[in-house]
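We number each residue from 1, following the sequence as shown. Counting starts at 1 for both ligands and their atoms, in listed order. Below, all heavy atoms of this structure are taken into account, side chains as well, without hydrogens, waters or symmetry copies. This one's a predicted model, so the numbers in the text were calculated from it and none came from an experiment.
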Amino acid sequence: MKRMHHLKSAFGLLLFAATGCTGTKTEPVSDQTPTSEPPPSIVAGAMPSEESKAAMLAAKDALFTRLSGRLMEAMADAGPAGAIGVCSQEAVKIANEVGAEHAVQIGRTGVRLRNPNNQAPPWAAALVEQKVDTPVFAVLSDDSAAALLPIKLQAQCLMCHGPEEQIVPEVQQKLAQLYPDDRATGFNEGELRGWFWIKE
Ligand code: HEC
């Protein structure tokens, strides 16, 4: 038993090292939580108000619209390989801006991650692991409302997230350069790509 435990923690360490985090691992939700307290978790059987649900959906729509708009603009300006640079510099910034405007915390995570910093907050981790592919609304132990909303892969995402043989060499090179641990290729159209997570 003890041996198993040791093996397990060694594996955990390896996994951590493999994410390529250079000690700046970000935990999106915990920055507002004192470190002495455990992060908030889902309260079983509780549902947020319709108002909260609508507010979280509105934040998601705003982030989706702004990200898609910026992506299309960058593709027109710089082509898909250039757009990757824009994505990598702006995606998280845009999420933070939309979050501030809508007074929520919001971000994206994936079934498999391109940017290891896009990890789900602790309350959503189990749902992500189960690859839940329908919207989930929840109340957390800190009384906040939260939502995890699936993102399906569309045709226009394939050039950067599709099967590797469908990704042009310039894009592959740029991805390898910016995301040496990229795991977010090999998705097919209609497949679950990831989630927006929102916490009020
Ligand atoms: C021009 C290339 C490009 C296109 C097209 C593209 N993405 Fe991405 N995607 C990226 C990059 C680069 C990142 C990493 C951003 C970062 O560093 O936060 C990313 C990250 C993500 C993430 C966050 C999780 C992760 O793996 O880090 C999701 C979810 C996602 N993309 C979904 C989509 C969907 C859905 C589409 C189509 C509507 C799409 N992407 C189109 C390049 C692209």
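Checking side-chain atoms of S144 against main-chain N and O of L140 turns up no donor-acceptor pair under 3.5 Å. Proximity of a side-chain donor or acceptor of T109 to a complementary backbone N or O of N118 within less than 3.5 Å is detected. In this structure, the side chain of E200 does not engage the main chain of A103 through any donor-acceptor pair within 3.5 Å. Checked by atom type and distance alone, the side chain of W195 pairs as donor or acceptor with a backbone atom of V132 at under 3.5 Å. With hydrogens and angles ignored, the 3.5 Å screen pairs a side-chain donor or acceptor of H161 with a backbone N or O of A184.
A salt bridge links R66 with E97: at least one charged nitrogen is closer than 4.0 Å to a carboxylate oxygen. Remark: K199 engages D142 in a salt bridge, criterion side-chain N to carboxylate O under 4.0 Å. A salt bridge links R70 with E90: the closest approach of a Lys/Arg side-chain nitrogen to an acidic carboxylate oxygen falls below 4.0 angstrom.
For the pair R108 and F64, the cation does not sit on the ring face, since its NZ or CZ is not both under 6.0 Å from the ring centre and inside 45° of the axis.
With respect to atom 21 (C) of ligand 1, the closest heavy atom belonging to the protein is R108 NH2, 3.3 Å. The nearest protein atom to atom 29 (C) of ligand 1, hydrogens excluded, is given as T109 O, 3.6 Å; this is a heavy-atom distance. Closest to atom 23 (C) of ligand 1, if we only count protein heavy atoms, is N118 ND2, 3.7 Å. For atom 15 (C) of ligand 1, the nearest protein heavy atom (residue, atom name, distance) is Y179 OH, 3.5 Å.
Of the heavy atoms in W195, none comes closer than 4.0 Å to ligand 1. Residue I151 touches ligand 1 through its side chain alone, judged by heavy-atom distances below 4.0 Å.
Using a 4.0 Å cut-off to heavy atoms of L113, the atoms of ligand 1 that qualify are 24 (C), 25 (C), 26 (O). Heavy-atom proximity to P80, at under 4.0 Å, picks out these atoms of ligand 1: 1 (C). The ligand atoms of ligand 1 that sit less than 4.0 angstrom from a heavy atom of Q156 are 5 (C). Taking every non-hydrogen atom of A83 and a distance limit under 4.0 Å, the qualifying atoms of ligand 1 come out as 1 (C). Interface atoms of ligand 1 facing Q154, defined by a heavy-atom separation under 4.0 Å, are 38 (C).
The neighbour count for R183 CZ, taken as heavy atoms of other residues, nucleotides or ligands under 6.0 Å away, does not exceed 12.
The shortest separation from a heavy atom of R112 to ligand 1 is under 4.0 Å, placing the residue in contact. Ligand 1 has no atom lying under 4.0 Å from any heavy atom of F196.
Counting only distances under 2.8 Å, and ignoring water, the protein N, O or S atoms around atom 8 (Fe) of ligand 1 are H161 NE2.
Between P163 and N188, the shortest heavy-atom distance links the atoms CG-OD1, 3.6 Å.
Taking 4.5 Å as the limit, every side-chain heavy atom of R114 sits out of range of all side-chain heavy atoms of C87.
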